[in-house]
**Student:** 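I am attaching a structure below and will ask some questions about it afterwards.
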Amino acid sequence: VCTSRFWFNYRHVANTLSVYRSVKRLGIPDSHIVLMLADDMACNPRNPKPATVFSHKNMELNVYGDDVEVDYRSYEVTVENFLRVLTGRIPPSTPRSKRLLSDDRSNILIYMTGHGGNGFLKFQDSEEITNVELADAFEQMWQKRRYNELLFIIDTCQGASMYERFYSPNIMALASSQVGEDSLSHQPDLGIGVHLMDRYTFYVLEFLEEIHPASQTNMNDLFQVCPKSLCVSTPGHRTDLFQRDPKNVLITDFFGSVRKVEITTETISLDGDLAGFE
Amino acid sequence: IRCPKNPVASVPVGLPLVPLSTRLLRRAWGPGAVPSLGFSPPAVRTSVTSRYETVYRGTTAQEEAALDVATAREADAALHPLQDASLGSLTVYVVPENSSLLPQGISVYVGKHRSALVRAGGGLAALRTRLRQLTQVMSFTASSITAALSDRMPDSQLGPDARRHLKSSLGYEITFSLLNPDPKSHTVDWDIEDAVNRYVQPVLDKLSLLANFSVDSQILYYAVLGVTPRFDKESSSFLLSAHSLPHVINPVEARLGSSAASLYPVLNFLLYVPERSHSPLYIQDKDGAPVSTNAFHSPRWGGIMIYNVEAPASPQASLPLHVDVDMVRVMEVFLAQLRLLFGLSREELPPEFLLESPGNEGLADWELDRLLWAHTVENIATVSTTLTSLAQLLDKIGNIVIKDDVASEVYRAVAAAQSAVAELATGHLHSAFQASKEAVTSSERAFFDPSLLHLLYFPDDQKFAIYIPLFLPMAVPILLSLAKIVREARQRKKEPTKMD
């Protein structure tokens, strides 16, 4: 979810698209991704390189690519829609791609980025979502068993305040900065004229580029990404609500999709001719 | 003791459910936890007791005649019209020890419908053990009920089977896909419509009591598996090892598409014809042996079968080769996978049991009963959780507006759930299942109503917090001047008495 609009918030869209791209590369199909972008950077009239969104200086990596599927765009990204997607209280006319059709065996990854403060995240420069509302939404999801495990990553200023209020089980949370600290952006690009990525997501993306679908890297490595020397802010994480030990949790449990598979050993016997007689 | 020649035990099975009690407990979720915000998760106590009502009687003359045949299968077919075959009931015929109906070494024969033949012998205690095993096979076990209630059980109590089977739903979509990655070499024809009508439809008709099914099919070209198979020199074939199978599904899934209109769970059955350069392709199980069905399935998703095309006799045969898929072989595997996805497995049985194959119907009547028991219990548990959670939401936000239709859905759900529990207690499986389905539909509609978003309703303290700073400063001079007016009025009243 990217919650900021306007051209100078290019980096938030680039953040979201980088995570989207990694997740797709590791195997999750579009039908299982809900992508919310609050503004259009690729086709923004101020973009000197139209139809591209870059995440790295010198325009190395175009994260917009050819097959981006945005489910909620522009003014549809509101707090109400976001909460409706999470809790499932959606008008019946909503198409399948805009719904979160998860069940009690789904692991959900939620990545949010934008401008935030102590206890809130700003949506579209006009409204806010508070940490209490988010925690209540997760509780509603837990009551209906809409998730098995949930990983919540947030890259905003004072991001750690957003996960302070969670109380539902099986949630792990990561934030780019502690309360009282600001999350800083990585580097400006002189050709495009804005900052391209935030530091935390930049280093997370570098980390994810090393992961492939069969990789055994676990969550503890993700917690080490972006130490204070590189990130200037102190990333935080919260695992007390999570039942498994983070070092047993594979990155691909959330970022990729590896299904349990069983070999079929039984067959039934069909009488090929019998069905001819009505 | 002299037993009658062929005593018959008729066993309608009842399942009374102790009313599920829900208690709200304040629980701390670990060190440094935030005190609960009034939305505590319920500590749920769930208990299910089951009871079998057993009726014993001697056989009637017609049943004796039916049992007087050569094989157990014929007996089963002959007995079927004579039984009371209501859902959930079982009829067990105890035959003498030396009867020739059952083959050697088999002491229990389970038929296609709802009856079984048990060989007497070894005394009453042995007979009772056999009957108990039989009822467990044919109706439900503690673990199958626990699996149905997996949402409410802590993870420690659940076995590995718990979340494998498809959840109870009002409908399922089945999609058959043919994947042809190499159209230049193979032109594959599959007569899917005929196969569906002949083989799949009877099975779905049998399951139609359980849910609505809809079937569609597609052919995908240039869809490759995500994994490159290894070439094995000894068998001169390509092998896919068991641990690479999980990675096969994902690249394909993106291209499968999913039905845009329906929200039911989708079951995908894929038939993959390997490329000419990778033929023949076999799946290896964990021990390295090739799998006979050449197929694998993923719980709650579907199954994949690999269909190898024989190499042409002469190397100069013109490409593309025309391939006519043998649908019987394919459907045997797909329907077996469908059964496994629903949880109907025939693998773990005591050795002296013999199960009749259900033939083209795909599943026996008692297997349908097994599904119905599990799904009814699951539905009732879901309704109870949903309504409790809805009640908690209403407690937390006092001024939430409940529309009339939401209220009526809740009443309907409660009434249907109560009747489902009552019916289940008396063993009327059919009506219990229908009632539970109605309860689930109503409760889901009530819970997921778009008007219940808690965001839309502000708690009272927020309202005070917003309006007090606005009105209090304005109110102060108004109140002071009102007080002044009152004082002056009182003084004026006193004045006339003073003046003289």
Side-chain angles (χ1 to χ4, degrees), chain A residues 24 26-32 79-80 83-84 87-92 95-97 99 101 103-105 129 132-133 135-137 139-140 142-145 148 164-169 213-214 240-241 243 256-272 274-276, chain B residues 29-34 36-37 39 41 150-151 155 163 167 198-199 242 245-247 249-251 253-254 258 260 263 283 285 291 293 295-301 303 328 331-333 335-337 339-340 345-347 357-360 362 385-386 389 393 447-450 452-455:
Chain A
K24 269 181 80 157
L26 290 171
I28 302 191
D30 269 318
S31 54
H32 290 236
V79 177
E80 182 183 334
L83 290 179
R84 281 195 192 282
T87 54
R89 297 204 165 97
I90 257 182
R96 201 179 161 111
S97 61
R99 291 179 190 249
L101 296 168
D103 60 16
D104 62 326
R105 269 188 49 176
I129 186 172
V132 175
E133 283 170 349
D136 286 343
E139 176 63 19
Q140 291 272 284
W142 173 249
Q143 301 240 326
K144 269 312 263 176
R145 297 293 183 276
N148 176 32
E164 271 172 4
R165 299 286 201 140
F166 292 163
Y167 53 91
S168 319
D240 58 314
L241 294 170
Q243 280 175 7
S257 166
V258 182
R259 293 181 189 272
K260 281 207 182 49
V261 155
E262 295 165 17
I263 308 263
T264 312
T265 47
E266 299 181 7
T267 47
I268 66 174
S269 56
L270 284 178
D271 196 342
L274 181 66
Chain B
W29 285 103
V34 184
S36 171
L37 296 169
F39 220 146
S150 62
D151 280 354
D155 274 336
R163 287 186 227 245
K167 279 176 84 79
R198 274 196 188 196
Y199 306 119
L245 292 177
H247 305 293
I249 298 182
N250 283 320
E253 182 164 13
S258 49
L263 295 172
I283 300 180
D285 63 13
V291 173
T293 56
F296 63 98
H297 61 277
S298 177
R300 297 203 185 173
W301 182 79
V328 176
M331 280 303 163
E332 283 181 352
V333 173
L335 290 174
Q337 287 178 335
R339 281 170 48 101
L340 289 170
S345 163
R346 289 189 161 203
E347 303 230 295
S357 145
N360 276 24
T385 321
T386 310
S389 155
L393 176 67
F447 187 86
F448 285 118
D449 189 84
L452 290 178
L453 196 62
H454 62 273
L455 177 66

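The sequence lines fix the lettering, A, B, ..., with proteins before strands; numbering per chain opens at 1.
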**Student:** Would you say that A/Asp30 contacts A/Lys24 through its side chain, given a criterion of any heavy-atom pair below 4.5 Å between the two side chains?
**Tutor:**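 Side-chain contact under 4.5 Å: yes.
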**Student:** Quick check on B/His247 against chain A: is it the side chain, the backbone, both or neither that has a heavy atom closer than 4.5 Å?
**Tutor:** side chain
**Student:** Checking the side chain of B/Thr293 only, and the main-chain atoms of A/Thr264 only, is there a donor and an acceptor separated by less than 3.5 Å?
**Tutor:** yes
**Student:** Could you report the tightest heavy-atom contact between A/Leu83 and A/Glu133, atom names first, then the distance?
**Tutor:** CD2-O, 4.4 Å
**Student:** Would you kindly check if the NZ (Lys) or CZ (Arg) of A/Arg84 is within the cone defined by 45 degrees around the ring axis of B/Phe448 and under 6.0 Å from the six-membered ring centre?
**Tutor:** no
**Student:** For the interface with chain A, which of B/Arg339, B/Met331, B/Gln337 has the highest count of heavy-atom pairs at distances below 4.5 Å?
**Tutor:**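 It is B/Gln337.
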**Student:** Side chain from CB out, backbone as N, CA, C, O: work out which of these in A/Leu101 comes under 4.5 Å of a heavy atom of chain B, or both, or neither.
**Tutor:**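 Interface part for A/Leu101: side chain.
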